[in-house]
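Heads up, the thing below is written out as structure tokens.
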Amino acid sequence: MLKIAVLVSGGGTNLQAIIDAIREKRLTNTEIVLVLSNKADAKALQRAKDNGIDQVCIRKKDYVNQSDYDHAMIDAIQNAGADLVVLAGFLVVLSSEFVTAFSGRIINIHPSLIPSFCGDGFYGLKVHEAALKRGVKVTGATVHFVDDGTDTGPIIMQKAVDVLDGDTPEILQRRVMEEAEWKLLPEVIQRIADGKVSLGKS
Ligand code: GRF
């Protein structure tokens, strides 16, 4: 059984996609052992509560320095017994200490086809604004391993989504979620649970 910790900051629709996939047995041999948020009012925490999943809020401002904050997160994840850390809209840049603690065992979902529209400053709607501004006709989502950089780790899977005439950033964001993110993330986790993707390798 693959035990996962899901790290969130906001709406948690990707978390919901994982919960639904497990409930509907499209994702097997996987258990969410912890949902960790850096924001107390994240809707994702309510989703965890509603589904009887352990959840915790760990905020940077409650710690005197980065190292104490890192250790609080590392301890919570290790105490929950997680094998894999899933970043699902977690808007905190992870320190190298955190990445080292779970080396090769952290995955992230990014709402573009990396290496387009990724890296520092590309998060949330900004990604889709940039894609529309550049005029690309295809965008999508990427799940990748996390290393010390921002969106630089080995790519595991990608899924393409058409950009359509009349798209706004909000409309495109929603289509990328529906057609790519919510399918891709459970699919990648299933592959990891099945041992088809070696942790730390693409
Ligand atoms: C998603 O677009 C994800 O790719 C990005 O942040 C957004 C989070 O959405 N990293 P949600 O909280 O899962 O609804």
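Treat the numbers as computed from the prediction; the structure is a model and nothing was measured.
Leu113 and Ile107 are not part of a single hydrophobic cluster, where members link through side-chain heavy atoms under 4.5 Å apart. Linking ILVMFWY residues whenever their side-chain heavy atoms come closer than 4.5 Å, directly or via other members, places Phe90 and Ile106 in the same cluster.
Atoms CD and CG, on Glu31 and Asp83 in that order, are 10.0 Å from each other to the nearest 0.5 Å. Within the model, atoms OG1 of Thr30 and CD1 of Ile189 stand 7.0 Å from one another, a figure rounded to the nearest 0.5 Å. The line from CG of Asp20 to CH2 of Trp182 is 10.0 Å long, rounded to the nearest 0.5 Å. With values rounded to the nearest 0.5 angstrom, Ile32 atom CD1 is found 11.0 Å from Leu84 atom CG. To the nearest 0.5 Å, the span separating CG on Asn29 from NZ on Lys3 amounts to 11.5 Å.
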Output a table of donor-acceptor pairs, distance under 3.5 Å, between side-chain atoms of residues 129-143 and any protein atom two or more places apart or on a different chain; print 'none' if there are none.
residue : atom : partner : partner atom : Å
Thr142  : OG1  : Ser112  : O            : 2.7
Thr142  : OG1  : Ile114  : N            : 3.1
Thr142  : OG1  : Gln158  : NE2          : 2.9

Show me, pair by pair, the donor-acceptor contacts under 3.5 angstrom made by side chains of residues 34-44, not counting sequence neighbours?
residue : atom : partner : partner atom : Å
Ser37   : OG   : Lys39   : N            : 2.9
Ser37   : OG   : Lys39   : O            : 2.7
Asn38   : OD1  : Ser9    : OG           : 2.7

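Nearest heavy-atom pair across Gly121 and Lys126 is O-CD, 3.2 Å.
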task = Determine, step by step, whether Glu179 and Lys183 satisfy the salt bridge (Lys or Arg N to Asp or Glu O under 4.0 Å) criterion, reporting the C-alpha distance in whole Å, the side-chain angles of both residues, the deciding distance to 0.1 Å, and the verdict.
result = CA-CA 7 Å; Glu179 293 185 8; Lys183 295 176 182 167; over 6 Å; no

task = Might you work through the side-chain contact (heavy atoms from CB on, under 4.5 Å) test for Val85 and Ile4, ending with a clear yes or no?
result = CA-CA 6 Å; Val85 178; Ile4 64 173; over 6 Å; no

message = Quick one, Asp194 with Arg191, criterion salt bridge (Lys or Arg N to Asp or Glu O under 4.0 Å). Give me CA distance, side-chain angles, the key distance, then yes/no.
response = CA-CA 5 Å; Asp194 290 345; Arg191 284 192 182 199; over 6 Å; no

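Using a 4.5 Å heavy-atom cutoff, the side chains of Glu170 and Leu125 are in contact. Side-chain contact between Val93 and Phe98: absent, with no pair of heavy atoms (C-beta onward) separated by less than 4.5 Å. Asp70 places none of its side-chain heavy atoms less than 4.5 Å from the side chain of Asp68. Using a 4.5 Å heavy-atom cutoff, the side chains of Pro111 and Gln173 are not in contact.
Judged by distance alone, with hydrogens and angles left aside, the side-chain atoms of Asn51 form no donor-acceptor pair with the main-chain N or O of Ile53 at under 3.5 Å. Of the possible donor and acceptor atoms, none in the side chain of Gln55 sits under 3.5 Å from a partner among the backbone N and O of Gln46.
Here the rule is side chain to side chain contact (heavy atoms under 4.5 Å, CB included) with Val86, and of Leu7, Val8, Ile18 only Ile18 fits it. Evaluated for a side chain to side chain contact (heavy atoms under 4.5 Å, CB included) with Gln66, the options His71, Lys60, Glu97 yield exactly one hit, Lys60.
For Ser96 and Asp148, the side-chain atoms include no donor-acceptor pair closer than 3.5 Å.
A salt bridge links Asp167 with Arg175; the closest basic N to acidic carboxylate O contact falls under 4.0 Å.
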